[in-house]
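Below is one structure, written out as structure tokens; comments come after it.
Throughout, a chain's letter reflects where its sequence line sits, starting with A, and its residues are numbered from 1.
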There are 2 protein chains.
Amino acid sequence: MEKRSELLPGTLDMLILKTLARAPLHGYGIALSIKRISEDVLTVEEGSLYPALQRLLLKGWVKAEWKKTETNRRARYYSLTAAGRKQLGIELSQFEQMMAAIGRVLQET
Amino acid sequence: MEKRSELLPGTLDMLILKTLARAPLHGYGIALSIKRISEDVLTVEEGSLYPALQRLLLKGWVKAEWKKTETNRRARYYSLTAAGRKQLGIELSQFEQMMAAIGRVLQET
DNA sequence: CCGCATATATAGACCATCTATGGATAGAGT
DNA sequence: ACTCTATCCATAGATGGTCTATATATGCGG
């Protein structure tokens, strides 16, 4: 059959920012969280996740800190910056606007 | 400011198929229709539209026919095939599933 | 000590979309 | 006549996000 993306392209940064807005997390945890909350519909591949986190770091929307996990492993914890929180707001409103627009096209008889 | 796509990537084929499901249209008309119905939020650039139509033709989801427009111009009218109608249904349900999943992630407190 | 889940990261491929063109014609306005 | 604008098609090349594949490393349970 058709091979499809596990993600709606263009939404990954927003999903990461939103996940981090709840609590700081390491990369692996972000992927697990999105997968779990989306009920396995959205799967963030490592090859998408880590480049995305690098982008977000470069833009100053998240910051990173090496720590130990509860299970005593080394992991890089990411958290939202003030700029990241602002950016999340922007992306959410743009996303909603776009969804509303797509909805209009899809519902037009 | 941030430069962003005028479209949510991954939705173009679906929007075209849905537009053609209402009535056959030429390329330019498809772009105008989506722009109008979305109230100027979604803009389909020509460099996105025509390659997309070629893809859809190759997959057999639309067929094309040269005709005259009401204003006496030559134009290529695209219309949905049976396979295209089926494909539209598939894409709509996948899209809704994905939107529901994204919604769960975005609404999680 | 073996296997598995946890954890980070990069290189390269792929593909959809955008930018930038190029071309053609009907009709309106001057 | 002439020009301008909107209508109409199409492609080449750049861009950029996501995926596949790979590499590395470690804590823990059996």
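In this structure, A/K68 places its NZ atom 6 Å from P of D/dG27, rounding to the nearest Å. Across the protein-nucleic acid pair, A/L8 atom CG and C/dA16 atom P stand 14 Å apart, rounded to whole Å. Going from atom CG of B/L15 over to atom C1' of C/dA16 covers 14 Å, rounded to whole Å. The CD atom of B/E6 sits 13 Å away from the P atom of C/dA20 (whole-angstrom rounding). Distance CG (B/L42) to P (C/dT17): 12 Å, rounded to an integer number of Å. Going from atom CG of A/L58 over to atom P of C/dA9 covers 13 Å, rounded to whole Å. Atom CD of A/E65 is separated from atom P of C/dT8 by 13 Å (rounded to the nearest Å). When rounded to the nearest whole Å, the span between CG of A/L57 and C1' of C/dA9 equals 13 Å.
Under the salt bridge (Lys or Arg N to Asp or Glu O under 4.0 Å) criterion, A/R55 pairs with A/D13, sequence neighbours left out. Qualifying side-chain contact (heavy atoms from CB on, under 4.5 Å) partners for A/T71, counting only residues two or more places apart in sequence or in other chains: A/T69, A/R73. Evaluation of the side-chain contact (heavy atoms from CB on, under 4.5 Å) rule for A/E46 yields A/Y50 as partners, not counting sequence neighbours. Listed by chain and number, the residues in a salt bridge (Lys or Arg N to Asp or Glu O under 4.0 Å) with B/E96 amount to none (sequence neighbours excluded).
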Inset, instruction - Go along nucleotides 3-10 of chain D 5' to 3' and tag each nucleotide: B for a protein heavy atom under 4.0 Å from its base, S when only backbone or sugar atoms are that close, - otherwise. - result: ---BBSBB

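OP1 and OP2 of D/dG17 both lie 4.0 Å or more from every side-chain N or O belonging to A/S48.
Pairs engaging residues 21-43 of chain A under the ring-ring contact (aromatic ring centres under 6.0 Å, His included) rule: A/H26-A/Y77 [sequence neighbours left out].
A/G60 and A/T81 make their closest contact through O-OG1, 2.7 Å (heavy atoms, listed as atom of the first residue, atom of the second, distance).
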